[in-house]
Amino acid sequence: MSAEPAPTSRHTKVAVIGSGCAGLTAAIYAARAAMPPIVIEGMASGGPPGGQLALTSEVENYPGFPKGILGPELMGHMRAQAERFGSEFIIGDVTTVDLSRRPFTIDGEGALRFRITCDALIVATGAKPKKLGLVGEREPPEGMWGRGVTSCATCDGMFYRGEDVVVIGGGDTAMEEATYLAKMVRKVTLIHRRAEFRSSKIMLDRARSTANIEFALPYVVEEILPDADRNVRGVRMRHATTGEQREVVVKGFFLGIGHEPNTGVFQGQLQLDENGYIVVGPGAGQSVATATSVPGVFAAGDVADHIYRQAVTAAGTGCQAAIDAERFLAH
Ligand code: NDP
């Protein structure tokens, strides 16, 4: 048996893991500070490179776009801007990191295995959609992921044109998905486990005033029902207080229940909080806002933020992380 070829190895002053708003803004700032970074763009958020905005439709709250802008288009602009100043991109998923000594080592796999060493690292790996924990959410053959079960209305909505679907959740993600889907499907049933909502009033009102969105409250999804070909044919749910069981016949099951941080590879290397988010700043014993528990490693965007989680705050912390990394290297 032949040995695996050694990974392609490269050294850079600054490496950025993640190519969402935070990672790309960090790359723009680092590149303009004469430290053009290598940006590793993976698919950890459950979709194409570009982070969660690559999976969204209209972004109406990113300053500078009074008429709104499509998420993938915004990410395309950010990437082009990072590239213009010399950032380099590697497509692949990081498999292990060694942050115990400098230079830091990042190993990953894309078209080829790669190894990158760097003097400073910016982690901007974001967060991915949460699941309910039902068998039906698993990949085939056990589950129906991709066969009616999805977490991305923008990517998959068009497959359900004229059909009935459910959206799960009571936050902004669920409202946005339901409103988006309502434009193309026959009917959306929004299932939420409580009668109260976490979403902003404006997005809730928009969903409520959409004629073909029906609210099922408070219901807990018990099972995603398969048809003979193991595609989604419906959902069985239980009323949270009366226990009454109900089935709805739908072709699409859209999850909109929030996200979890992509920090698996950093476990045991960076200080994480109880939900797996990277701890930065004073909480990690650092005076600098984006500094993690390891000097020289900075974190930006949703991977270190379970509170604001906005595109503009992710971009803001990406900028901070690049400035923090630059100062760290200068000293
Ligand atoms: P949130 O955490 O705000 O909401 C998650 C929702 O899913 C909650 O209603 C929660 O129920 C429900 N949920 C979570 N786990 C389960 C479970 N196991 N079973 C059933 N229901 C569950 O996440 P979002 O992704 O909606 O929003 C995150 C942040 O991103 C927010 O700050 C939001 O404002 C922002 N955002 C902004 C958008 C925009 O402006 N265009 C679009 C999308 C998000 P419960 O309420 O009972 O806990």
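All ligand and atom numbering here is 1-based and tracks the order in the structure.
- For Gly169, no nitrogen or oxygen atom sits less than 3.5 Å from a nitrogen or oxygen atom of ligand 1, counting backbone and side chain alike.
- Near His259, meaning under 4.0 Å from any of its heavy atoms, are these atoms of ligand 1: 25 (O).
- Polar contact with ligand 1: present for Arg194 (N/O pair, distance under 3.5 Å).
- Using a 4.0 Å cutoff on heavy atoms, Gln310 counts as a contact of ligand 1.
- Under a 4.0 Å criterion applied to the non-hydrogen atoms of Glu176, ligand 1 contributes the atoms 41 (N), 42 (C).
- Within the 4.0 Å heavy-atom shell around ligand 1 one finds Arg193.
- With distances taken over non-hydrogen atoms, the option nearest atom 24 (P) of ligand 1 out of Thr173, Ile168, Ile257 is Thr173.
- Inspection of the Thr95 and Asp107 side chains reveals no N or O donor paired with an N or O acceptor under 3.5 Å.
- Of all atoms in ligand 1, numbered sequentially from 1 with element shown, those under 4.0 Å from a heavy atom of Gly258 are 23 (O), 25 (O).
- A donor-acceptor pair under 3.5 Å links the side-chain atoms of Arg147 to the main chain of Asp229, judged by distance alone.
- His239 and Tyr219 have perpendicular rings, their planes meeting at more than 60° on a 0 to 90° scale where under 30° would count as parallel.
- Those atoms of ligand 1 that come under 4.0 Å of a heavy atom in Leu132, given as number and element, are 17 (C), 18 (N), 19 (N), 20 (C).
- The proximity of His192 to ligand 1, defined as any non-hydrogen pair under 4.0 Å, is limited to the side chain.
- Between Lys130 and ligand 1, no pair of N/O atoms sits closer than 3.5 Å.
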